[in-house]
There are 4 protein chains.
Amino acid sequence: MHPRTSFTAVTSPKRAGRPRSAAADRAILDATRAALAEVGWGGLTLGDVAARAGVAKTTLYRRWAGKNELVVDALAALFEEQLDLPDLGGLEADIQGVVLRFAELIERPETRTALMAVVAEAAQDDALRLRIREAIVDRQKHLVLLGRRRAQQRGELPPDKAEDPARDDLIFDVIAGAVVHRVMVSSGPVDREWALRLARLLVDGLGALHLPPP
Amino acid sequence: MHPRTSFTAVTSPKRAGRPRSAAADRAILDATRAALAEVGWGGLTLGDVAARAGVAKTTLYRRWAGKNELVVDALAALFEEQLDLPDLGGLEADIQGVVLRFAELIERPETRTALMAVVAEAAQDDALRLRIREAIVDRQKHLVLLGRRRAQQRGELPPDKAEDPARDDLIFDVIAGAVVHRVMVSSGPVDREWALRLARLLVDGLGALHLPPP
Amino acid sequence: MHPRTSFTAVTSPKRAGRPRSAAADRAILDATRAALAEVGWGGLTLGDVAARAGVAKTTLYRRWAGKNELVVDALAALFEEQLDLPDLGGLEADIQGVVLRFAELIERPETRTALMAVVAEAAQDDALRLRIREAIVDRQKHLVLLGRRRAQQRGELPPDKAEDPARDDLIFDVIAGAVVHRVMVSSGPVDREWALRLARLLVDGLGALHLPPP
Amino acid sequence: MHPRTSFTAVTSPKRAGRPRSAAADRAILDATRAALAEVGWGGLTLGDVAARAGVAKTTLYRRWAGKNELVVDALAALFEEQLDLPDLGGLEADIQGVVLRFAELIERPETRTALMAVVAEAAQDDALRLRIREAIVDRQKHLVLLGRRRAQQRGELPPDKAEDPARDDLIFDVIAGAVVHRVMVSSGPVDREWALRLARLLVDGLGALHLPPP
DNA sequence: AGTTAAACGAGACGGTACGTCTTGTCTTAGG
DNA sequence: CCTAAGACAAGACGTACCGTCTCGTTTAACT
């Protein structure tokens with residue numbers, strides 16, 4: 001499997017020959033999501049995706065190097081929409097809100113069947129792991145910053161003396177990890193109560209993290 | 001894929017014909033782990049496992065229904081050993097210890113490449129999800145109970161007025177989820193410092209969880 | 001494309017595992033001939049042959065390395081039957097008879113579309129050329145010997161003083177070549193008259209060939 | 001595949017727009033012959049030919065409908081040169097000479113790999129067969145006429161009472177067929193000796209053909 | 001000198017077949 | 001009845017060409 005011209009890469013100002021069809025891009029990604037929801041990661045066939053999209057396999061392979069890359073891009077679009085953090089008046093409520101929102105995303109059939117699968121594939125593929133982080137994970141991370149600043153303005157958390165990005169990373173790993181584990185492994189519901197308890201645990205735990213790091 | 005005689009099931013007292021070779025079982029599981037570490041889940045082939053184990057494919061299929069089941073059993077053996085929680089003198093230290101221990105387990109090549117993969121497969125396969133919980137996840141869960149009781153005896157946490165299993169589940173989801181997310185997605189190290197910060201967050205957050213549930 | 005265990009090769013005395021299905025061999029060759037007659041060499045697809053034969057592609061590729069080898073074997077069977085030279089009472093009649101017979105063979109749809117194609121492929125493939133000679137061409141060659149001996153016994157040709165295999169080869173090239181050229185290139189009919197004229201030319205020319213070689 | 005403006009067709013007196021590049025025509029035919037000699041018919045790719053000729057595929061398809069037509073035209077040029085029959089003083093020598101000459105042509109790599117291939121394709125394509133006859137075969141046929149007349153003038157053959165074109169066709173099929181069969185199938189050399197024997201066979205056989213047809 | 005219309009290069013496109021691979025079952029011979 | 005060996009049906013894989021198309025550019029011949 002050879003590397004391809006990245007689909008997201010901005011095509012250079014002047015390219016000879018017939019330009020790539022933007023409609024094909026869209027059709028393929030839509031078909032991928034639809035197929036994922038229907039048959040799951042394991043049953044996903046690039047031939048089938050191409051057929052659903054009304055596109056030749058070649059067209060698909062010209063843009064993506066394989067199943068992994070395609071699915072990451074297909075999922076990325078889903079995550080892009082869900083990027084906001086409505087101000088619910090307090091840190092606890094904000095966390096509860098974002099947890100519910102994130103769970104909603106994870107529980108969609110496309111996401112359920114595919115997200116862990118690409119993470120698993122990425123275990124042995126550094127480029128893929130990077131792509132997942134860039135296209136999916138990091139986009140959510142700024143919510144942590146936003147939420148923390150808002151809480152500091154409200155006086156719910158003390159102001160920072162110095163930057164501590166590792167702390168925000170930890171918070172993100174805790175929230176995202178807990179939700180994913182709840183949904184994918186424990187198979188329990190992420191309802192308002194569960195989200196509230198997680199929010200409480202974090203609100204109380206967050207104070208300690210603002211003490212000087214060890 | 002048809003159900004098989006479960007590998008773990010105790011074979012009935014008297015069975016006619018040549019008995020199954022216990023050596024084959026071990027050889028297959030060892031080969032599976034070795035192959036996982038080498039080529040990862042995606043590259044894992046049942047034909048290759050059989051060849052490595054010096055066993056015919058038939059023998060393998062007679063015991064396991066497919067790749068998923070085989071790998072779950074192969075991983076289960078890895079998790080079986082790691083079941084203790086040395087008393088390090090305080091709740092924070094205990095949590096830090098168990099986090100480091102768990103990370104160590106997750107970061108092995110066999111686990112890294114296979115655990116998420118079977119979780120992903122389980123997204124559409126209830127039986128598999130149950131098997132993973134029973135054989136892998138739940139085995140670790142009693143550590144939460146043990147740790148909490150020890151902390152209550154030390155007076156670090158207030159005694160329970162009533163049972164609250166959902167609370168322990170949440171704690172488990174948070175710890176396990178955070179470690180897995182850190183390792184598999186964020187690709188950051190789970191070192192003493194990271195473990196300490198997570199432990200602190202939990203110790204302080206845990207108090208709130210002992211207030212009456214909402 | 002890797003070499004395969006030859007289909008015709010006698011399988012060694014003892015082979016482990018399930019033996020190859022003889023029925024599959026037959027079904028594949030029959031399907032090949034049928035497909036050739038229907039869609040011709042250019043339209044012949046190994047996938048289609050497999051489907052017609054009710055066999056998986058793997059089974060086909062286990063026996064033959066590709067289209068060329070398969071078709072040679074499929075044609076060989078056709079040529080095997082046609083091996084006799086009825087005594088029509090005189091050299092001229094015998095030649096006329098064999099020419100008509102040979103033309104009949106060449107003009108079958110399977111042969112028409114495939115024979116020249118494999119010969120063309122063989123132009124760059126020594127192994128294939130050898131296989132064609134062994135499996136198809138040489139089988140007909142003994143007819144020349146037989147016919148000549150019969151004519152010598154009748155006194156139509158003088159007895160040989162010494163062996164001269166090159167002479168028989170020439171005769172074969174002339175007869176086979178003329179018929180093939182007539183059918184494939186000139187697109188003329190090989191009817192009784194044409195066959196008779198060729199026979200006359202040869203009968204009169206043959207005398208000269210029994211003079212001492214130059 | 002649609003019909004094209006034939007490459008050989010005289011372009012109509014007035015055509016608007018940019019005229020077709022004659023250089024491209026030449027480059028494509030040269031590239032075709034070179035590619036044929038290198039990779040053979042089977043390996044010949046129109047994309048590759050275009051690349052070798054420094055021309056876009058479109059340019060190629062604007063002139064020829066496909067591989068078959070292109071190769072026929074490429075071969076035709078080779079055969080165009082070889083059209084003479086030096087008077088070697090006698091019928092036998094003349095035949096020997098033309099046989100050697102023809103063999104030389106057939107044994108070129110381009111011819112070897114491509115001639116039989118297009119003949120094979122023509123088995124199911126009447127237009128192609130006609131084109132081959134016109135562009136390649138018939139050009140050689142007048143040599144038979146020329147040789148026969150010369151021999152009649154020398155007195156080596158009796159004068160014709162009536163036209164008998166079928167007889168000349170037969171002679172052509174015999175000579176061309178025998179040489180092709182010798183080269184392509186029997187894989188034997190067409191050397192002076194072989195050519196002489198064929199010439200003798202014909203000279204002696206030819207007398208009979210001048211008797212009244214049956 | 002400008003206009004025009006076709007040829008040109010480049011390369012994307014929908015298709016189709018390729019030959020390989022893996023899956024899970026089946027068939028033999030041997031223990 | 002189990003085992004090893006390996007053939008089997010099924011079907012996805014990723015690649016290579018096919019012949020068509022769609023661009024933007026170039027090149028003559030006709031205004």
### Task
Rounded off to whole Å, could you give me the CG-to-P distance for the Asn68(C) and dG19(E) pair?
9 Å

### Summary
Looking only at dA28(F), dA9(F), dC13(E), the nucleotide nearest the Arg62(A) side chain is dC13(E)

### Task
Could you tell me whether the side chain of Arg18(C) has a donor or acceptor atom within less than 3.5 Å of a complementary atom in the base of dC26(E)?
yes

## Note on the structure
Lys67(B) atom NZ is separated from dA12(F) atom C1', nearest whole Å, by 13 Å

### Task
Would you check if Trp64(D) and Val71(D) make a side-chain contact, meaning some heavy-atom pair closer than 4.5 Å?
no

## Note on the structure
Output for pair (Asp125(D) CG, Thr113(C) OG1), nearest 0.5 Å, gives 13.0 Å

### Task
Can you check whether any acceptor in the base of dG14(F) is under 3.5 Å from a donor in the side chain of Lys57(A), or vice versa?
yes

### Task
May I have the distance from Asp48(A) (atom CG) to dG15(E) (atom C1'), rounded to whole angstrom?
17 Å

### Query
Can you check the Tyr61(A) OH to dT15(F) C1' distance for me, whole Å?
9 Å

### Query
Atom CH2 of Trp41(D) and atom P of dC18(F): how far apart are they, to the nearest Å?
10 Å

### Task
Please figure out whether Thr45(B) or Ala53(A) has its closest DNA chain E nucleotide nearer the 5' end.
Ala53(A)

### Task
Send over the distance from Trp64(C) CH2 to dG19(E) P, rounded to a whole Å.
15 Å

### Query
Could you state the CG-P distance from Leu46(D) to dG9(E), rounded to the nearest angstrom?
15 Å

### Task
Indicate, with a heavy-atom threshold strictly under 4.0 Å, whether Leu60(D) touches base, sugar-phosphate, or nothing.
nothing

## Note on the structure
Whichever of Val55(C) and Gly47(D) has the more 5' nearest nucleotide on DNA chain F, that residue is Val55(C)

### Proximity to the side chain of Ala16(C) - top-ranked nucleotide from dA12(E), dC13(F), dA5(F)
dA5(F)

### Distance-only donor-acceptor test, Thr58(D) side-chain atoms vs dA10(E) base atoms, 3.5 Å
yes

### Phosphate contact (dC8(E) OP1 or OP2) by Arg63(D) side-chain N/O below 4.0 Å
yes

### Message
In this structure, how many angstroms lie between the P atom of dA5(F) and the CZ atom of Arg52(B), rounded?
### Response
17 Å

### Query
Hey, are Arg63(D) and Asp73(D) close enough for a salt bridge, meaning a charged N less than 4.0 Å from a carboxylate O?
no

#### Entry: Salt bridge present between Asp48(A) and Arg52(A) (N-O < 4.0 angstrom)
yes

### Task
List the steps and the verdict of side-chain contact (heavy atoms from CB on, under 4.5 Å) for Glu121(A) and Trp41(B).
CA-CA 8 Å; Glu121(A) 294 285 320; Trp41(B) 164 269; 4.3 Å; yes

### Summary
When Leu44(D) and Gly17(C) are each assigned the nearest nucleotide of DNA chain F, the 5'-most assignment goes to Gly17(C)

